[in-house]
Structures are given as C-alpha cells and as structure tokens.
Amino acid sequence: MSDFTIMGVVNVTPDSFSDGGRYLEAQAAIEHGLELEAEGATILDVGGESTRPGADPVSEAEELRRVIPVIEGLIARGGGARISIDTSKAGVAARALEAGATLVNDVTALRGDPAMAGVVAAGGAELCLMHMLGDPRTMQDDPRYEDVVNDIKAFLEERMALAVGAGIAEERILIDPGIGFGKTIDHNLELLRRLDEFLDLGRPVVIGTSRKSFLGRLTGREAPDRVAATVATNVLAYERGARVFRVHDVAPVHDALVVTAATVSPPWTTRTSTTK
Ligand code: HH2
C-alpha cells in the first residue's frame, strides 16, 4: 500500500458554449478522469475556472455548468477515486459536495468567498488550504516575502485556525504552499528545498508543480514537455515530506513515487505484505 496520494488534474475549461459542445466536453473530461484513475490517481481534482496568471474570473453559473456533470459522471462510472472540487466559490463547492465530491481545493484558502468555510464544515468535507499572494490577475507582479517559507507557514497556520474556528475538523485539513501562485522562480525553488519545514504544521502537505512555468524557465520547454521536470520536483517533494501530489501526468509520477517511496521509506516488502 502506498503512503502517497496522487491527485489527477481534470480541468473543464471549455471554449465552446453550445450544448452539444458542452456535452462532448463533459464526456471528454470524464474519460480523461477515468484514464488518470487507471494510471494511479486516487483523487480527481475537477476544476472549471483557470487560475493561470492573468486568467479572467468565471461566473458561478458557468462554473457549475462545467463541473457538475463531470463530477456526476465520474461518480457514476469511476472506480472509487475521491473527487475534489477546485473552486473558491461556496455555491460551486456546495453543489459539488451534493454531487459526491468529498474534498474542496480552495486556492484562496477561504478568502475568496465568506460562505466557503460554512459549506465545507456543513458538508463534513476535507479542505485543501493553498497559499496565493494576491489574486491570479496580479500575483506575478513583483512578489516579495521577508522569508518565503516562514511567511507562508504563518499564513497557513492562520488560515487553519480560521477554518477550525468555523467548525472544520483539523484532521480534514490539507496544506499547500501554492507553487507558482505569487512566487518568483527562486521562491518556488526555495519552497521545494525547504518543504520539510511545512511538516511543523502537522497536516499533510500537498504540492502542485505539474508543468508549471518555473519548470519551463529552467528547462526551456513548453508545458506538455515538462513531464520529466515535473517528475523530478515531485520525487524531491516526497523526499521532503509531501504526500499529496497534484499532477496532470499521473502515470510517470506514480511510477517515480512508487520507487521513491520504496527507497525512502523501507521496508517496502513489509508494507506491501500487510496489504490485503
Ligand atoms: N495549481 C493550480 C490549480 N490548482 N491547487 C492546489 N491545491 N495546488 C496547486 O498547486 C494548484 C491548484 C494551477 O494548475 P493548472 O490546473 O495546471 O492550471 P489552471 O488552474 O489554469 O487550470
């Protein structure tokens, strides 16, 4: 049994607005999610709003139209992977939880919508709190920190306290330093280098480096060709204590982490022989 979790990215950010296109897009996202599950993802992170630097916001109605059919389809046809909803809107999270999602991945860490904490608490869901400096439109404009790790740890600690105060059980909280969200290349690299310091917060560390632009800056490669770079950063993050890995390319990351886990956390045979 592996001691890590792969969260496969299922983005539903269509360009087409016709119903036919919508149905096909939902179908394509469901098929994609099922493939990621077959490759080793045990969480599928469904998102209907891009958080890329400079991305424009999407209305709640539009986000719902994108993600709910996909969640329903994955629950109906999936093999048991849990569903995470990547949203900062309480209304979207509420409908997603009703449809069967069990984790809310909020890149604003409860700052985007005052109703979010109540929805997560009422739904008994897990919550991923991610750090972002500013918002996606402005976050890459000269981000600065006193000490990137300490500043983000303090932020996450404060958001955890707020979440617990709102009735979310601490055992249901995951934390994520938010690679690429208001960070320079050096900030991202320092976060990875010192990732083990986040274990002080006592909650599972989620890491999302998948295909991100700092890997492009380092390797000179376009997003689809950053798989090896993504694998390298996830292996390093595992070694530094992260246990949840948000990736687009599940199969290579899964294999790399199986081998890393067997090497870093022996004895592998004892751990696997206890699996039924
Ligand atoms: N990164 C992205 C989106 N959501 N959630 C968490 N917890 N951690 C991350 O690092 C993270 C995230 C951005 O990645 P991507 O899905 O590739 O882009 P987009 O949001 O434009 O779909």
Side-chain angles (χ1 to χ4, degrees), residues 5-15 25 29 32-33 36 41 43-58 62-63 66-67 70 82-89 92-93 96 101 103-112 116 120 125-137 139-140 143 148 152 155-156 159-160 163 172-183 187-189 191-192 195 198 201 203-216 222-227 229-230 233-234 237 242-250 253:
T5 300
I6 296 188
M7 187 188 235
V9 179
V10 182
N11 280 331
V12 201
T13 46
D15 303 306
E25 266 139 12
H32 183 59
L36 298 184
I43 299 179
L44 297 172
D45 190 37
V46 179
E49 178 174 37
S50 175
T51 49
R52 271 187 298 278
D56 284 325
V58 170
E62 175 60 19
E63 208 179 316
R66 292 179 183 183
V67 298
V70 176
R82 288 187 295 138
I83 306 296
S84 157
I85 175 69
D86 187 347
T87 190
S88 51
K89 297 186 184 74
V92 175
L103 194 162
V104 176
N105 177 22
D106 181 3
V107 298
T108 72
L110 304 178
R111 293 173 300 167
M116 183 64 105
V120 176
E126 286 186 279
L127 172 67
C128 179
L129 294 169
M130 195 198 80
H131 174 269
M132 167 165 46
L133 195 67
D135 65 59
R137 271 174 297 182
M139 65 189 180
Q140 289 308 113
V148 68
I152 293 175
F155 169 86
L156 291 172
R159 302 318 289 173
M160 278 172 63
R172 296 199 191 279
I173 296 174
L174 306 146
I175 53 169
D176 183 337
I179 295 290
F181 286 85
K183 280 100 183 171
H187 291 144
N188 290 322
L189 294 173
L191 285 168
L192 286 171
L195 200 61
F198 288 91
L201 298 179
R203 298 306 310 145
V205 173
V206 180
I207 196 78
T209 61
S210 189
R211 300 182 181 176
K212 283 187 179 169
S213 64
F214 79 110
L215 301 177
E222 295 302 318
D225 300 322
R226 296 175 190 159
V227 180
T230 298
T233 48
N234 282 292
R243 285 297 177 269
V244 183
F245 302 85
R246 182 182 184 278
V247 295
H248 301 87
D249 306 287
V250 170
V253 172

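Just so you know, ligand 1 is whichever comes first in the structure, and atom 1 is the first atom listed for that ligand. What's counted below: heavy atoms across the whole structure, side chains too, no hydrogens, waters or symmetry copies.
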Chemist: Does ligand 1 have any atom that is closer than 4.0 Å to a heavy atom of Lys212?
Modeler: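 For ligand 1, residue contact (heavy atoms, under 4.0 Å) with Lys212 is present.
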
Chemist: Could you name the option among Arg211, Arg246, Glu49 that has the heavy atom nearest to atom 15 (P) of ligand 1?
Modeler: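 Among Arg211, Arg246, Glu49, the closest heavy atom to atom 15 (P) of ligand 1 belongs to Arg246.
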
Chemist: Is the closest heavy-atom distance from His248 to ligand 1 below 4.0 Å?
Modeler: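 In this structure, His248 qualifies as a contact of ligand 1 - some heavy atom is under 4.0 Å.
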
Chemist: What are the atoms of ligand 1, with element, lying closer than 4.0 Å to any heavy atom of Thr51?
Modeler: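 Listed by number with element: 2 (C), 3 (C), 13 (C), 19 (P), 20 (O), 21 (O).
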
Chemist: Could you check atom 5 (N) of ligand 1 against the protein and tell me its nearest heavy-atom contact, residue, atom and distance included?
Modeler: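 Here the closest protein heavy atom is Asn105 ND2, 3.0 Å.
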
Chemist: Can you list the ligand 1 atoms lying under 4.0 Å from a non-hydrogen atom of Val9?
Modeler: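 Under 4.0 Å from Val9, ligand 1 has these atoms: 16 (O).
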
Chemist: Of all the non-hydrogen atoms in the protein, which one sits nearest to atom 21 (O) of ligand 1, and at what distance?
Modeler: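 Of the protein heavy atoms, Ser50 OG, 2.6 Å lies nearest.
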
Chemist: For Ile175, does its backbone N or O pair with a side-chain atom of Arg159 as donor and acceptor, under 3.5 Å?
Modeler: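 It does not hold such a pair.
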
Chemist: Which part of Cys128 is near ligand 1, with near meaning a heavy atom under 4.0 Å away: side chain, backbone, both or neither?
Modeler: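 Cys128 to ligand 1: side-chain contact only, backbone stays beyond 4.0 Å.
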
Chemist: For ligand 1, is any non-hydrogen atom under 4.0 Å from Asp86's backbone (N, CA, C, O), its side chain (CB onward), both, or neither?
Modeler: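 It is the side chain that gets close, since no backbone atom is under 4.0 Å.
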
Chemist: Does ligand 1 have a heavy atom under 4.0 Å from the side chain of Val107, from its backbone, from both, or from neither?
Modeler: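 Contact part for Val107 vs ligand 1: side chain (C-beta onward).
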
Chemist: Distance to 0.1 Å, residue and atom name: give those for the protein heavy atom nearest to atom 6 (C) of ligand 1.
Modeler: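 Its nearest protein heavy-atom neighbour is Asp176 OD2, 3.2 Å.
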
